[in-house]
**Student:** 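There's a structure below that I have some questions on.
Just so it is clear: chains get the letters A, B, ... in the order the sequence lines come, proteins before strands, and each one is counted from 1.
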Amino acid sequence: MPPPVVRMPPSPTGWFHVGNARTMLFNWLYARHTGGRVVLRFEDTDRVRSTEEAITQAEDVLRWLGIDWDDGPHRQTQRLDLYAAAAADLVERGLAYPCYCTAEELAAERERRQAEGRPLVYSGRCRSLTPEERRAREDAGLAHVIRLVMPAEGTTAIEDVVRGHVEWENALQGDHVIFRSDGTPTYLFANPFDDIRMGITHVVRVEDLLPSTPRQLAVYAALDAAPPTYAHLPMVLGTDKKKLSKRHGAVSVEEFRDRGVLSQALVNYLALVGWSYDDHTTVMTVPELIERFTLERVNPSPGVFDPEKLEWLNGEHLRALPPEEFAAALQDYLARTGSPLAARPERVAEAAPIVQEKLRTLGQFEGFAGFLFGPVTTDPDAWARVEADPAASQSLGAARETLAGVDRWDAETIHAALAAACAREGLKPRVLYMPIRVAITGRTVAPGLYESLELLGRDESLRRIDAALGRLTG
RNA sequence: GCCCCCAUCGGCUAGCGGCCUAGGCCCCCGCCCUUUCAAGGCGGUAACACGGGUUCGAAUCCCGUUGGGGGUACCA
């Protein structure tokens, strides 16, 4: 069997959300797993809604995700001549015909059918126009679309890789529009036409396109081409089980990138919506995904996108990074998002090791390590805990004295000294340390205390403890 | 209205007739790690939508019901 050819056909009409990314990913994983080829094709025939920005954005997002392509990017608007020639040929052969019905006539027809409880399909009225009638309409200056002749009887069926046998009644399809009155092709035509011309063997797309399959198969038949293998993926839903949209909060790939989600983590997460490797494997690298991905293991039921699991998974990927790579990713992230912290790469590099275990996203770095870059900003809730602690000033006093007397300023020595102070004061470490942590980091959730002190330096640490002491007693 | 798809814990899922008194992960809740914690460890709550079949045996197969989703455009 020749290697499969798949395509990624984004329509550049808006932002690229995680659902689109998931579809592209499955196509890509399938091709890379099987040694097949990936074609990138922008379906921009909708001139009104397609934008140049969306095209740039889509390419950018795909590149960031590490999803590459072997052919393209093609653009349907640059292939208009091809479609037009094909249309003329179809009309010539009687497989398609011009339709002069107005929007009002069509609406009235639909209403009538609705009332009669019949399917809302076009009656095919213009199909039987005589050449004279056609000429009369042309002469009257009536605009026309081109419709494809659908079989009046019988059924159309596919053996979908994820759904099995699916069948439609041809009579229920209606002659659909394949060319608009401005001469441009609709999705229903351009998409299968290009799939044929580009040698696409596997159409891997979301299930909302499933109902359009019989109409596309009619294009294959009209063009005398062999149909592809179909795999209809389950939808990616928002928490309300509805199609993903902006209402659902952060759902664009870029938003997650800006929050500090690693592309490999997003890819890993997305692979798990609608697909699984086995009953227990969750964390996987991209090469592992490529090696393990098969369409047969795609699950037919829709899935809800869960940002919390994505963040957890991102934490896993962050921790799995070698320290230097983690530091590099961090610096890169800070620079890209325009963080002022990026101006001090040495400091970032020093801070990286003490936060790597803590972060779920790179975006949390500032909250964890900001205290190392400038004056502390104290969290009110954290300070309230200090004030409520009767042993706070005792702890801070003991810490001040201990730290001032430490002979070597490194985490190990600090650790030993503070442990001794706990014993001396008769305080549990958690009690003694809490006020110190708040004093130097301004928060109760922070990197390890000893490492934090070491990096902050003795002078600044003592200054902050003194300040806290002063604020507590004064 | 008509057509199509889907149906296991709150979420993602494993399960393709007996291995299931249904497993894993996220979330949540406890406990532990004589340092917080969003890290780590241990433990816990929690599901086969319902009704009929088929079968010695059904989460798994069939039919129906209900529920959810999608489509029904000169959007893709």
**Student:** Could you tell me how far rG52(B) sits from rU66(B) if I compare only their C1' atoms? Round to whole Å.
**Tutor:** 14 Å
**Student:** Reckon Arg297(A) has a side-chain N or O less than 4.0 Å from the OP1 or OP2 of rG15(B)?
**Tutor:** yes
**Student:** What's the closest nucleotide to the side chain of Pro119(A) if the choices are rC75(B), rC2(B), rC37(B)?
**Tutor:** rC2(B)
**Student:** Would you tabulate the side-chain donor-acceptor contacts of residues 427-441 of chain A under 3.5 Å, counting partners in other chains and residues two or more places apart, or write 'none'?
**Tutor:**
unit_1: Tyr433(A); atom_1: OH; unit_2: Tyr450(A); atom_2: OH; d: 3.2
unit_1: Thr441(A); atom_1: OG1; unit_2: Arg437(A); atom_2: O; d: 2.7
unit_1: Thr441(A); atom_1: OG1; unit_2: Arg443(A); atom_2: N; d: 3.1
unit_1: Thr441(A); atom_1: OG1; unit_2: Arg443(A); atom_2: O; d: 3.1

**Student:** Round to a whole Å and report the spacing from CG of Leu359(A) to P of rG40(B).
**Tutor:** 13 Å
**Student:** In terms of the angle between their ring planes, are Phe189(A) and Tyr83(A) parallel, tilted or perpendicular, with boundaries placed at 30° and 60°?
**Tutor:** perpendicular
**Student:** Strictly by salt bridge (Lys or Arg N to Asp or Glu O under 4.0 Å), give each pair with a member in residues 72-86 of chain A just once, sequence neighbours left out.
**Tutor:** Glu52(A)-Arg75(A), Arg79(A)-Asp194(A)
**Student:** Can you sort out the partners of Thr184(A) under side-chain contact (heavy atoms from CB on, under 4.5 Å), two or more places apart, ordered by chain and number?
**Tutor:** Arg47(A), Arg180(A), Asp182(A)
**Student:** Just call it for Val438(A): base, sugar-phosphate, or nothing, with non-hydrogen atoms closer than 4.0 Å on any strand.
**Tutor:** nothing
**Student:** What string of B, S and - do you get for nucleotides 59-72 of chain B, 5' to 3', if B is base contact, S is sugar-phosphate-only contact and - is no contact with any protein heavy atom under 4.0 Å?
**Tutor:** ----------SBSS
**Student:** State which of rC74(B), rU36(B), rC5(B) makes the closest approach to the side chain of Val166(A).
**Tutor:** rC5(B)
**Student:** Please give, in whole Å, the distance from rC2(B) P to Arg113(A) CZ?
**Tutor:** 14 Å
**Student:** Hey, what do you get for CD (Glu350(A)) to CD (Glu454(A)), rounding to the nearest 0.5 Å?
**Tutor:** 9.0 Å
**Student:** Tell me whether the guanidinium CZ or amine NZ of Arg147(A) lies under 6.0 angstrom from the six-membered ring centre of Tyr122(A) and within 45° of its axis.
**Tutor:** yes
**Student:** Go through rU13(B), rC5(B), rG40(B) for me and flag the one nearest to the Arg319(A) side chain.
**Tutor:** rG40(B)
**Student:** Looking only at side-chain atoms of Val445(A), point me to the closest of rA38(B), rU34(B), rU36(B).
**Tutor:** rA38(B)
**Student:** State whether the distance check finds a donor on one side and an acceptor on the other, under 3.5 Å, for side chain Ser181(A) versus base rC74(B).
**Tutor:** yes
**Student:** Give every residue pair that meets the side chain to side chain donor-acceptor pair (under 3.5 Å) criterion with at least one member in residues 7-22 of chain A, sequence neighbours excluded.
**Tutor:** Arg7(A)-Asn191(A), Arg7(A)-Asp195(A)
**Student:** What protein N or O atoms touch nucleotides 43-45 of chain B N or O atoms at under 3.5 angstrom, if any, and at what distances?
**Tutor:**
none

**Student:** With hydrogens left out and only the distance checked, is there a donor-acceptor pair under 3.5 Å joining Arg49(A)'s side chain and the base of rC75(B)?
**Tutor:** yes
**Student:** Would you tabulate the side-chain donor-acceptor contacts of residues 169-177 of chain A under 3.5 Å, counting partners in other chains and residues two or more places apart, or write 'none'?
**Tutor:**
unit_1: Asn170(A); atom_1: OD1; unit_2: Thr156(A); atom_2: OG1; d: 2.5
unit_1: Asn170(A); atom_1: ND2; unit_2: Glu153(A); atom_2: O; d: 3.0
unit_1: Asn170(A); atom_1: ND2; unit_2: Gly154(A); atom_2: O; d: 3.4
unit_1: Asp175(A); atom_1: OD1; unit_2: Arg127(A); atom_2: NH2; d: 3.1
unit_1: Asp175(A); atom_1: OD1; unit_2: Met150(A); atom_2: N; d: 2.9
unit_1: Asp175(A); atom_1: OD2; unit_2: Tyr97(A); atom_2: OH; d: 2.6
unit_1: Asp175(A); atom_1: OD2; unit_2: Arg127(A); atom_2: NE; d: 3.0
unit_1: Asp175(A); atom_1: OD2; unit_2: Arg127(A); atom_2: NH2; d: 2.8

**Student:** Which residues pass the salt bridge (Lys or Arg N to Asp or Glu O under 4.0 Å) test with Lys243(A), not counting sequence neighbours?
**Tutor:** Asp208(A)
**Student:** At 4.0 Å (heavy atoms only), tell me whether Gly274(A) reaches a base, stays on the sugar-phosphate, or touches nothing.
**Tutor:** sugar-phosphate
**Student:** How would nucleotides 18-30 of chain B be written as a contact map, 5' to 3', with B for base contact, S for sugar-phosphate-only contact and - for no contact, using protein heavy atoms under 4.0 Å?
**Tutor:** -----BSBSS---
**Student:** Side-chain donor-acceptor contacts of residues 298-308 of chain A below 3.5 Å, not counting sequence neighbours, with atom names and distances?
**Tutor:**
unit_1: Asn299(A); atom_1: ND2; unit_2: Ser301(A); atom_2: OG; d: 3.2
unit_1: Asp306(A); atom_1: OD1; unit_2: Glu308(A); atom_2: N; d: 3.0

**Student:** I want to verify a distance call: between rA7(B), rC12(B), rU35(B), whose nearest atom is closest to the Ser301(A) side chain?
**Tutor:** rA7(B)
**Student:** For Arg400(A), give me all partners under salt bridge (Lys or Arg N to Asp or Glu O under 4.0 Å), at least two apart in sequence or on another chain.
**Tutor:** Asp466(A)
**Student:** Using salt bridge (Lys or Arg N to Asp or Glu O under 4.0 Å) as the criterion, list what pairs up with Glu138(A), not counting sequence neighbours.
**Tutor:** none
**Student:** Identify which nucleotide among rA76(B), rU36(B), rC12(B) has an atom closest to any side-chain atom of Val304(A), counting heavy atoms from C-beta outward.
**Tutor:** rC12(B)
